[in-house]
Amino acid sequence: QVQLVESGGGLVQAGGSLRLSCAASGRTLSSYAMGWVRQPPGKEREFVAAISWSGDATYYADSVKGRFTISRDNAKIALYLQMNSLKPEDTAVYYCAASIVPRHGVVLVTTPEYDYWGQGTQVTVSS
């Protein structure tokens, strides 16, 4: 089992940038596809970005494509989300998520596919 802890959230003005980090403990991240999911205030959780266990495949929600970049460092057992050109509608609690997959190149693009979750980090974008 893997434990996930997010960090890097905060308050930023529209147009600004933040970098979220997710530290994993408990075991290596090999064989785990990972992703970021967010929950805006008063709304359901929604998929943001996903990455395969080897990092060779990524996928983004249309709402963040071109602004957000997901990456991972399996040696450091970490996942990242670089968020640029932030908008007020990006305000949400951001969660790191992971799940074991059978082969490289697999990305998980729906929230029910993830088995392990962090506790979340708040991102607030002011207008």
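The figures that follow rest on heavy atoms only: side chains count, while hydrogens, waters and symmetry mates do not.
- Taking each heavy atom of Val93 and Gly120 in turn, the nearest pair found is CG1-CA, 3.8 Å.
- Residues Ser99 and Glu113 form no side-chain contact, since every pair of their non-hydrogen atoms from C-beta on lies 4.5 Å or further apart.
- Looking at every heavy atom in both residues, Glu6 comes nearest to Cys96 through OE2-N, 2.8 Å.
- Screening Arg38, Gln39, Gln122 for a side chain to side chain donor-acceptor pair (under 3.5 Å) with Tyr94, the sole residue that qualifies is Arg38.
- Minimum heavy-atom separation, Tyr59 to Val107: CB-CG2, 4.2 Å.
- Here the closest heavy-atom approach between residue Tyr60 and residue Ala49 is recorded as CD2-CB, 3.6 Å.
- At least one side-chain heavy atom of Thr58 sits under 4.5 Å from a side-chain heavy atom of Ile51.
- Annotation: side chain of Tyr32 is in contact with side chain of Val2 (closest heavy-atom distance under 4.5 Å).
- Here the closest non-hydrogen pair linking Ser127 and Ala14 is CA-CB, 4.4 Å.
- Put simply, the side chain of Val5 reaches to within 4.5 Å of the side chain of Gln119, judged on heavy atoms.
- Residues satisfying the salt bridge (charged side-chain N to carboxylate O under 4.0 Å, His left out) test with Asp56, not counting sequence neighbours, are none.
- Under a 3.5 Å cut-off, the side chain of Thr111 and the backbone N or O of Phe47 do not form any donor-acceptor pair.
- Side chain of Ser52 to backbone of Ala57: a donor-acceptor contact under 3.5 angstrom is found.
- In this structure, Arg72 contributes its side chain and Ala78 its backbone to no donor-acceptor pair below 3.5 Å.
- Contact of the Asp115 side chain with the Ile100 side chain is not registered, since no non-hydrogen atoms from C-beta on lie closer than 4.5 Å.
- Of all the heavy atoms in Leu86 and Leu18, the pair that sits closest is CD1-N, 3.8 Å.
- The closest side-chain heavy-atom distance from Val101 to Leu108 is below 4.5 Å.
- Under the 4.5 Å side-chain heavy-atom criterion for ILVMFWY residues, a single connected hydrophobic cluster contains both Val48 and Met83.
- Under the 3.5 Å distance criterion, the side-chain polar atoms of Trp53 are left unmatched by any main-chain donor or acceptor of Met34.
- With contacts defined as side-chain heavy-atom distances shorter than 4.5 Å, the pair Thr91/Val123 does not qualify.
- In this structure, Asp90 and Phe68 have side chains that are in contact, with non-hydrogen atoms separated by less than 4.5 Å.
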